[in-house]
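Just so it is clear, the values below take in all heavy atoms, side chains as well, and ignore hydrogens, waters and symmetry mates. Quick note on labels: first sequence line is chain A, next is B, and so on, each numbered from 1.
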Amino acid sequence: MTQVEVAPRATRPTTPLPRATLLDRLYEIEVLDAVALALVVFGIGLWAASLSSIDAAASSDYGLVGQLPVTWWMSIVAIIGALAVTSRPALVARRWPTAWLLVLGTAAFALVLHGTASAAETVPRYPTAYVHAGFADYIALHGRTLPHLDLRMSWAGFFAGVGFASRAMGVSPTWFIKWSPLVLNLAYLIPLKVIADANLRSRRARWAALWLFLAANWVGQDYLSPQGMNLFLYLTVVAVLCRVFGARGPVWGPARRLIDSAPVASTRRLTRRAFGVPADARSAEAAQLEVSTPAQLLLYGLMVFIIFASISSHQFTPMMIVLVAAALVLIGRTRLTGLWILCAGGVVAWTSFLAVSYWSGHLRNLFGGVGHVGGTLDQNVTVRLQGSSARLFVLDARIAFAIAIWSVAVFAFVRCLRQGRSHWTLLTLFLCPFGVLLGQSYGGEGVLRVFLFSLAPASVLIASLLDDPPRDPYARKRNRFGAIRFAPTVWAITLVVSLALFPIARWGNEPFEAVSTGDLAAVEWVYDHIPEGSRLVAATGALPWRYAHLTDYRYGVSPGLLLDLSPHDIHEAFAVSGPTTYLVLTRGQGNNGSLLYGVPRDWLEQITAALAGNSGFRVVYQNPDAIVVKVVVRGTP
Amino acid sequence: VRLAVDLEVRRRATNDVARSAGWAITCIIAALFVACDVHLSVRPPLVLVAMICGPGWALCSFLHMRDKGLLWSVAISTGLAVNVTLGLAMIATNTWRPIGASALLLFGSAVVLASRALAITIEVSRRDRA
């Protein structure tokens with residue numbers, strides 16, 4: 001007869017347990033923790049050392065990738081090593097060193113991937129961010145918006161918030177530009193972690209979702225922009241829906257009837273057989289957070305408040321919230337059946353009353369693309385696939401990157417389903433952004449936004465490859481061929497490929513997204529010396545202007561004329577009565593024209609020589625990267 | 001078990017008090033910087049953090065949830081929403097006073113946070129006596 005050892009019964013403590021002292025907590029640190037910490041510190045040190053070798057101004061047509069020294073890549077390897085050591089299943093327990101090391105390592109990973117450009121450059125990048133700072137600056141100074149000047153001002157919430165904060169902080173809105181990418185990416189990780197917690201079982205998989213998100217977020221919408229802030233608001237709303245207001249099954253009558261209807265049921269049966277999905281597949285979502293009813297009411301109110309801020313500051317994100325909230329209701333994964341109606345009502349009300357200048361006279365542009373998926377894809381992909389061979393290489397890399405991430409996410413979903421775990425919430429969050437393409441092209445940027453909004457759920461889905469198999473004897477039996485080892489390999493390959501493609505995809509626009517000191521000096525000179533009311537013309541939008549004096553000058557962009565290098569045509573166009581015209585031409589515009597329109601690389605030198613030798617123009621300012629030329633009208637000084 | 005629960009409750013209460021008091025102090029300092037127009041290099045980041053996290057945590061201090069990530073997400077989002085809404089409200093009502101409004105916002109947040117810290121402290125000491 002087998003002896004069974006019975007553990008002694010725990011005695012009831014008679015006095016309260018003493019709190020762990022600092023020394024007790026220090027004893028919890030193990031050798032591997034120290035190794036991981038050393039690797040993180042070493043990685044950050046290597047990264048800091050690599051910055052001096054990175055010169056954005058000297059980047060090639062392929063972007064910053066050629067500028068990255070070996071030490072930069074080594075810093076990535078060191079930090080990945082630290083994260084791998086820290087997230088080993090044996091170590092990932094609820095110990096404070098592990099938790100802090102994971103936070104520190106992930107922050108270091110974000111710093112290397114999304115802080116490199118900010119740290120290496122002397123002048124903040126993204127010309128568009130300067131325009132956004134200009135909108136905020138105008139509001140900060142005058143306390144009103146200008147919806148007729150720019151359509152973006154019809155959703156002025158973000159600019160009003162930045163203008164408000166900048167006045168309180170005592171700085172110009174351009175203060176926000178430099179570190180926006182890093183700060184926003186760090187911010188995205190907070191709600192993303194909540195979404196991962198709500199859908200994944202193992203702690204390692206939850207953190208892995210964050211790392212993949214950082215490595216795959218090449219879209220570059222995280223600058224000082226309404227969409228940058230709104231992605232955070234969107235992820236927060238999704239996190240609340242998943243963690244607090246989730247549900248397990250159809251809770252809405254029509255949705256329940258639809259799912260139980262014969263055609264849908266038979267389709268589900270057939271699909272299940274086709275993919276070898278067990279009939280007893282269980283939801284892999286975690287249990288809902290226990291929150292009291294008053295707290296739920298307050299949370300609901302705060303969520304509506306957050307959605308209002310989103311409606312007032314961006315045209316695209318609220319539509320995504322409507323789509324996601326409605327889709328989650330349809331599949332029975334949220335209890336808030338009326339949220340999408342509330343949000344849709346808010347969007348309609350805002351657009352109808354406060355964004356009139358946006359849609360009046362442009363209804364065809366707004367709704368003309370509804371249902372024309374082919375046209376939308378054409379505008380988003382084919383039209384954008386133009387430019388020099390280097391440019392096409394960068395664009396191809398981005399398309400391949402996006403398709404790879406989407407494919408692995410679908411693979412991960414199907415694999416989990418075959419193992420008996422379903423991730424319907426994540427799949428819904430992943431697919432909803434594609435619905436936007438049915439509506440309109442969003443100025444040719446629709447696919448970019450689709451990738452951006454689908455990336456967070458895709459990262460969590462892909463991280464599910466690292467998730468523990470369910471403790472279910474049937475599922476364990478199905479895994480007997482070693483599929484568990486195959487899945488982490490797929491995840492690791494996805495991360496490595498993402499890291500390899502990241503510099504090309506993320507910094508491929510560097511020749512015209514980076515701003516040189518010469519570019520900014522020229523614009524500052526213009527604002528200091530050129531009389532207000534003058535007309536300022538640039539060849540392309542790759543110029544850091546309009547960050548101040550938004551209405552004091554008449555701004556224009558004329559690529560057709562200025563990139564053609566024909567002084568006679570330029571003079572004909574601008575030597576007209578009215579305000580004096582000044583051409584502000586920079587190397588960044590030349591790079592932009594070279595990559596997109598095929599103008600020669602030395603365009604700035606050529607146009608400088610052509611205009612300087614023409615009596616119709618007078619060079620009033622010049623530096624190695626920029627030139628300001630006055631168009632002389634005959635008979636005027 | 002009851003003792004362990006008591007310890008856990010006390011630990012959480014201590015954390016809540018520390019968090020609320022910390023943010024209240026941050027908001028007060030930021031409000032003083034804004035009201036007195038102090039020109040220090042620490043002012044921009046301090047005021048920014050206080051203007052986002054102060055109102056956010058003031059409202060979220062009434063939420064009792066164990067998920068720290070969710071609390072942080074909601075607090076930051078709420079703070080952003082407060083700034084956006086206040087800015088729009090001042091524009092809509094033609095009362096653009098960013099300095100006064102921000103000082104008031106920071107001071108109001110500090111009051112709410114301090115009162116929350118006080119309320120939790122009183123509640124814990126009342127339980128201890130009981």
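Ranked by heavy-atom pairs under 4.5 Å with chain A, the first of Thr85(B), Leu105(B), Asn94(B) is Thr85(B). Between chain A and the residues Ala92(B), Ser102(B), Ala103(B), the largest count of heavy-atom pairs under 4.5 Å involves Ser102(B). Chosen from Pro98(B), Cys60(B), Gly87(B), the residue pairing most often with chain A at heavy-atom distances under 4.5 Å is Pro98(B). Comparing Gly69(B), Ala30(B), Ala50(B) by heavy-atom pairs within less than 4.5 Å of chain A, the highest count is held by Gly69(B). Looking only at heavy-atom pairs under 4.5 Å with chain B, the residue among Val291(A), Ile307(A), Leu298(A) that has the most is Leu298(A). Most heavy-atom pairs under 4.5 Å with chain B, from the set Arg167(A), Arg144(A), Lys193(A): that is Arg167(A). The greatest number of non-hydrogen atom pairs below 4.5 Å with chain B, out of Leu289(A), Val171(A), Val162(A), is found for Leu289(A).
Leu354(A) does not touch chain B: none of its heavy atoms, backbone or side chain, sits under 4.5 Å away. Of the atoms belonging to Leu106(B), not a single heavy atom falls under 4.5 Å from chain A. Of the two parts of Met229(A), only the side chain, counted from C-beta on, holds a non-hydrogen atom closer than 4.5 Å to a non-hydrogen atom of chain B. Only the side chain of Ile99(B) comes within contact range of chain A, with at least one heavy atom under 4.5 Å from a heavy atom of that chain. Heavy-atom distances place no part of Val237(A) under 4.5 Å from chain B, backbone and side chain included. Both the backbone and the side chain of Ala101(B) have a heavy atom closer than 4.5 Å to some heavy atom of chain A. For Phe176(A), the part sitting under 4.5 Å from any heavy atom of chain B is the side chain, from C-beta outward, and nothing else. Interface residue Leu80(B): only side-chain heavy atoms are found under 4.5 Å from chain A. In this structure, chain A has heavy atoms under 4.5 Å from both the backbone and the side chain of Val82(B).
Ion pairing of Arg43(B) with Asp37(B) is present here, as a side-chain N (NZ or NE/NH1/NH2) and a carboxylate O approach within less than 4.0 Å.
The shortest side-chain heavy-atom distance between Trp155(A) and Trp350(A) falls under the 4.5 Å cut-off. The shortest side-chain heavy-atom distance between His132(A) and Pro226(A) falls under the 4.5 Å cut-off. Using a 4.5 Å heavy-atom threshold, the side chains of Arg12(B) and Arg66(B) count as touching.
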